[in-house]
Undergrad: 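Once you've had a glance at the structure underneath, I'll fire off some questions.
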There are 2 protein chains.
Amino acid sequence: MTAPLHEAHPAGPGRALPDTQQGMRRRNLARVMHTVSAEGPLSRAAVASRIGLTRAAVSTLVDELIRSGLLEELGPERPGRVGRPGSALAVSGRGPAGIGAEVGVDHLAVCAVDLRGEIRARAVRHGVNRGRSPEPVLAELTALVRQVVAEADAEGLWPAGLAVAVPGLVARDGRTVVRAPNLDWHDTDLGALLPAELPPTVDNEANFGGLAELWLGETTPRDFLHVSAEIGIGAAVVVDGGLLRGTRGFAGELGHVPVRPDGPECACGGRGCLEQYAGEEAVLRAAGLEPGTDRVGLLANRAADGDEAVRRALHDAGTALGIALTGAVNLLDPQLVVLGGALSGLAPWLLPSLEAELARRTAGPPCPVSVSLLGPEGPLLGAAHSVVRAVLDDPAAVAERAGATATGRTVDIVAEQA
Amino acid sequence: MTAPLHEAHPAGPGRALPDTQQGMRRRNLARVMHTVSAEGPLSRAAVASRIGLTRAAVSTLVDELIRSGLLEELGPERPGRVGRPGSALAVSGRGPAGIGAEVGVDHLAVCAVDLRGEIRARAVRHGVNRGRSPEPVLAELTALVRQVVAEADAEGLWPAGLAVAVPGLVARDGRTVVRAPNLDWHDTDLGALLPAELPPTVDNEANFGGLAELWLGETTPRDFLHVSAEIGIGAAVVVDGGLLRGTRGFAGELGHVPVRPDGPECACGGRGCLEQYAGEEAVLRAAGLEPGTDRVGLLANRAADGDEAVRRALHDAGTALGIALTGAVNLLDPQLVVLGGALSGLAPWLLPSLEAELARRTAGPPCPVSVSLLGPEGPLLGAAHSVVRAVLDDPAAVAERAGATATGRTVDIVAEQA
DNA sequence: CTAATTTGTAAACCGCCATGACGAAATAGT
DNA sequence: ACTATTTCGTCATGGCGGTTTACAAATTAG
């Protein structure tokens, strides 16, 4: 009756995993974690009524989660309601943490997020990575990871996983960077170049940005299109609260949607791709500016200062985005389009022409467009939170590891290799 | 009781239905049904090993399904293998049936499909429906449905649900036709105009065509794009074995993807939509032919005869399709594109330019394109099978109704209103 | 004809949630 | 103040569902 989407989607009923009582237990543990995580401190009774189990059943589930260190008892609630007050439960601020990392064109960043979603440690290193080979870059990243892991350890956190955002296409294996034009990396197995003791997951920066919007955005629906541009233009397609990855993992390549079929040639072999009109390079050229560092900030400043050439360039980019998004909206019927990444800073000058184009080409009410509040932080946060979500999705799996790692064993391993 | 069409994806663990033992039982019943349905006659032991349960557990599940009349015991297998031969189980050819119906521009069709997937009854009525108001058309359809239900009843089948394919946009409620340009229907609640005793589900013809391809196609993968053109051009977006419907149910509107942003105006308000180049009307005009009945057959005949104007028109339509599909493929990264419906008959003349365009605009190996073998039968079969799938997806729900309907009560109700 | 293999079923067992009852801790009413 | 009421968390009991173990039945291999 259900089909899957995000990572752990149960395939059709025919091929789902055997449905046994242990599986039921695991799913119910997950439901408790998700409920407490999403709706703040909650009593056992409140959780029970929300997930449709009895108080007794929830009690045993909670006991198990507390023993595993994933939930904490905060003490009695102080309610105005009649009846015995419940004992507030909250997700633990100690225990497993999600480590997120980002390989940017001119920076590296790592952070640790606890189960509550708080950032507990972070490290950044500026420096141009474009054109450097993967090995030294990832060696630096590994050093940052170890630093953050050590910081987190000092706060009682152990790393439950590492997720790495890269600006490029990543295969569905979650390890291999197929093509990262801005880094000039091709078919690189990042999994082999990252800390072996901390199994890494690699994904596209746009995808993690979209997930961050999904998980952290205030009013983000479960179906939307998250458009982000760094140098290329990528989109995260979120359907029913999960990421649409595509067969090879290449879904969301909005930058190569044809906008004008006879337009200028593109590196992809096509003509008139969106990237030729709204990509960073194209916009800078149209604005009469040279490529360089912090080009987005430059564009925003110039536009704010009233530079006509820049404004026109952004206006035209918005038009092209509107055309490409019309196609995407017709195909996917999302509830919302979110402009994220570098686009969020340029939104004031992109939006008018973008929305006009979208409205002009849509029969009914056009798809609303909003601007991400996360900005450039999105991918890093999305990566870290993806690990946290994995813990919430299967707390039992983590509980098993917790025994081994509560003693700090993983931390030791990571540290001793530093 | 609802006959839910294939839903996109299960919600996250946080909002799933309470995970109780009854739910487990239901899912395991469904897994047995799916396995037997997909892999032909199978012994209990074979089913057990496939779904990962023990033989004992499968035995009780099978007993229940046999008592409900959903499975049949065919008798001992005749194997060359050592050991006691198993007793072959097959999906029952009696019991619940899926009723599929299609409202075409110039025909109505209804069929009944049993759990085995066999068509057991059908009725067609030719006659132009364009421009007629919904009430008389659906009254005729209802008569056909009753006729088919009566025929099915004579073979020991009772209707488990009715699914109706219409050439237009259908809201997510599965009842309301928002816009069917070729029928000139708007905001019509078909649910209210169909047999009340047989809860109907309404969906887009393109969606049902895509589902038919998914369920009945020989080599169809779980991620593909099924393009079908009758008068408009629609696509079914199939992701991980499920249909992507979009927020309002309007996903897959490939016909209004911009191909040339400054092209001719379209009824949707846009310019240069695919429909302006590859829609039936546009192609006929480009070929120098008049609109009329069986225009697709005419096009195919003329093209086969070597009519240059027709061939050029189809070549150009293929090019436009290629451009629009390039965008779709970049966005969704499907494993395959299938040309269905009217396009399948014209494929020989569309494919060369279509594939050339797709290949030219793709960096790596282009997305393969195939032609549906179901042709115009797709939507009707998809509709009927969607009901069958709903039964396979939750046999327990049907088993409850089976008691009431085994006596022919539903059939009587349907019949007595005739 | 015997040994080996596989199937289907029955009996005993275990895990998981539901049910119902109870004490604990708060509010509301007198 | 004191009691009734409400709600919370827990315990004991029970039902349900799949597993384990054992065994008879039916076939092939030697």
Side-chain angles (χ1 to χ4, degrees), chain A residues 13 16-32 35-36 41-67 71-90 395-396 399, chain B residues 13 16-32 35-36 41-67 71-90 395-396 399:
Chain A
L17 295 173
D19 214 333
T20 167
Q21 303 181 60
Q22 293 160 47
M24 188 169 93
R25 183 77 174 170
R26 286 171 88 113
R27 285 188 299 272
N28 281 332
L29 287 168
R31 300 240 308 288
V32 171
T35 306
V36 174
L42 238 45
S43 68
R44 289 167 176 77
V47 172
S49 77
R50 267 159 238 250
I51 66 179
L53 296 180
T54 59
R55 297 197 309 267
V58 170
S59 263
T60 73
L61 292 165
V62 165
D63 283 353
E64 191 172 332
L65 291 169
I66 289 179
R67 271 200 309 278
L71 284 185
E72 275 178 11
E73 194 129 26
L74 296 184
E77 290 175 328
R78 201 168 311 276
R81 298 193 315 282
V82 59
R84 168 179 168 181
S87 176
L89 299 167
Chain B
L17 295 173
D19 215 333
T20 166
Q21 304 180 64
Q22 293 159 46
M24 186 169 97
R25 184 77 175 171
R26 286 170 89 113
R27 285 189 297 273
N28 281 333
L29 286 168
R31 299 240 307 288
V32 171
T35 306
V36 174
L42 240 43
S43 69
R44 290 166 175 79
V47 171
S49 77
R50 267 160 237 248
I51 66 181
L53 296 180
T54 59
R55 298 198 309 269
V58 170
S59 264
T60 72
L61 291 164
V62 165
D63 283 353
E64 190 172 333
L65 291 168
I66 289 179
R67 272 199 310 278
L71 284 184
E72 275 178 10
E73 195 128 26
L74 296 183
E77 291 174 329
R78 201 167 309 277
R81 298 193 316 281
V82 59
R84 169 178 166 180
S87 176
L89 299 168

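Treat the numbers as computed from the prediction; the structure is a model and nothing was measured. All values below come from the heavy atoms of this structure, side chains included, with hydrogens, waters and symmetry mates left out. Letters A, B, ... mirror the listed sequences (proteins, then strands); counts begin at 1.
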Undergrad: Looking for any heavy atom pair under 4.0 Å, which part of the strands does B/Thr54 touch: base, sugar-phosphate only, or nothing?
TA: base
Undergrad: Please confirm whether the shortest side-chain N or O distance from A/Ser59 to OP1 or OP2 of D/dT10 is below 4.0 Å.
TA: yes
Undergrad: Once you round it to whole Å, what is the distance between C1' of C/dT6 and CD of B/Glu77?
TA: 11 Å
Undergrad: Report the distance from atom CG of A/Leu29 to atom C1' of C/dC17, rounded to the nearest whole Å.
TA: 13 Å
Undergrad: Return the 5'-most residue of the pair A/Gln21, A/Arg81 with respect to DNA chain D, ranking by each residue's nearest nucleotide.
TA: A/Arg81
Undergrad: Within this structure, what is the CD-to-P distance between A/Gln22 and C/dC14, rounded to whole angstrom?
TA: 15 Å
Undergrad: Are any of B/Asn28's side-chain N or O atoms less than 4.0 Å away from OP1 or OP2 of D/dG18?
TA: yes
Undergrad: Of the options D/dT27, D/dT19, D/dT7, whose atoms approach the side-chain atoms of A/Arg84 most closely?
TA: D/dT7
Undergrad: Provide, to the nearest angstrom, the distance between the CG atom belonging to A/Leu89 and the C1' atom belonging to D/dT10.
TA: 14 Å
Undergrad: B/Arg25 near the nucleic acid: base, sugar-phosphate alone, or nothing, with a heavy-atom cut-off under 4.0 Å?
TA: sugar-phosphate
Undergrad: Starting at CG of A/Leu65 and ending at C1' of D/dG9, how long is that distance when rounded to a whole Å?
TA: 16 Å
Undergrad: Please tell me which of B/Thr60 and A/Arg44 maps to the more 5' nucleotide of DNA chain D, matching each residue to the nucleotide holding its nearest heavy atom.
TA: A/Arg44
Undergrad: May I have the distance from A/Arg78 (atom CZ) to C/dT27 (atom P), rounded to whole angstrom?
TA: 10 Å
Undergrad: A quick test of your reading: do over 12 heavy atoms of other residues, nucleotides or ligands sit less than 6.0 Å from CD of A/Glu73?
TA: yes
Undergrad: Please tell me whether A/Asn28 and A/Arg25 have a donor and an acceptor in their side chains that are separated by less than 3.5 angstrom.
TA: no
Undergrad: Atom CG of A/Leu53 and atom C1' of D/dG9: how far apart are they, to the nearest Å?
TA: 16 Å
Undergrad: Rounded to whole angstroms, how far apart are CZ on A/Arg55 and P on D/dT7?
TA: 10 Å
Undergrad: With no hydrogens and no angle check, do the side chains of B/Ser43 and B/Arg84 hold a donor and an acceptor under 3.5 Å apart?
TA: no
Undergrad: Mapping A/Pro76 and A/Met24 to their closest nucleotides on DNA chain C, which lands nearer the 5' end?
TA: A/Met24
Undergrad: Distance-only, no hydrogens or angles: does the B/Arg31 side chain make a donor-acceptor pair with backbone N or O of B/Ile51 under 3.5 Å?
TA: yes
Undergrad: Show the numbers, then the answer: is there a side chain to side chain contact (heavy atoms under 4.5 Å, CB included) between A/Ile66 and A/Leu89?
TA: CA-CA 9 Å; A/Ile66 289 179; A/Leu89 299 167; 4.2 Å; yes
Undergrad: Of all the choices, D/dT20, D/dT5, C/dC17, which nucleotide is nearest to the side chain of B/Ala56 once you look at every atom?
TA: D/dT20
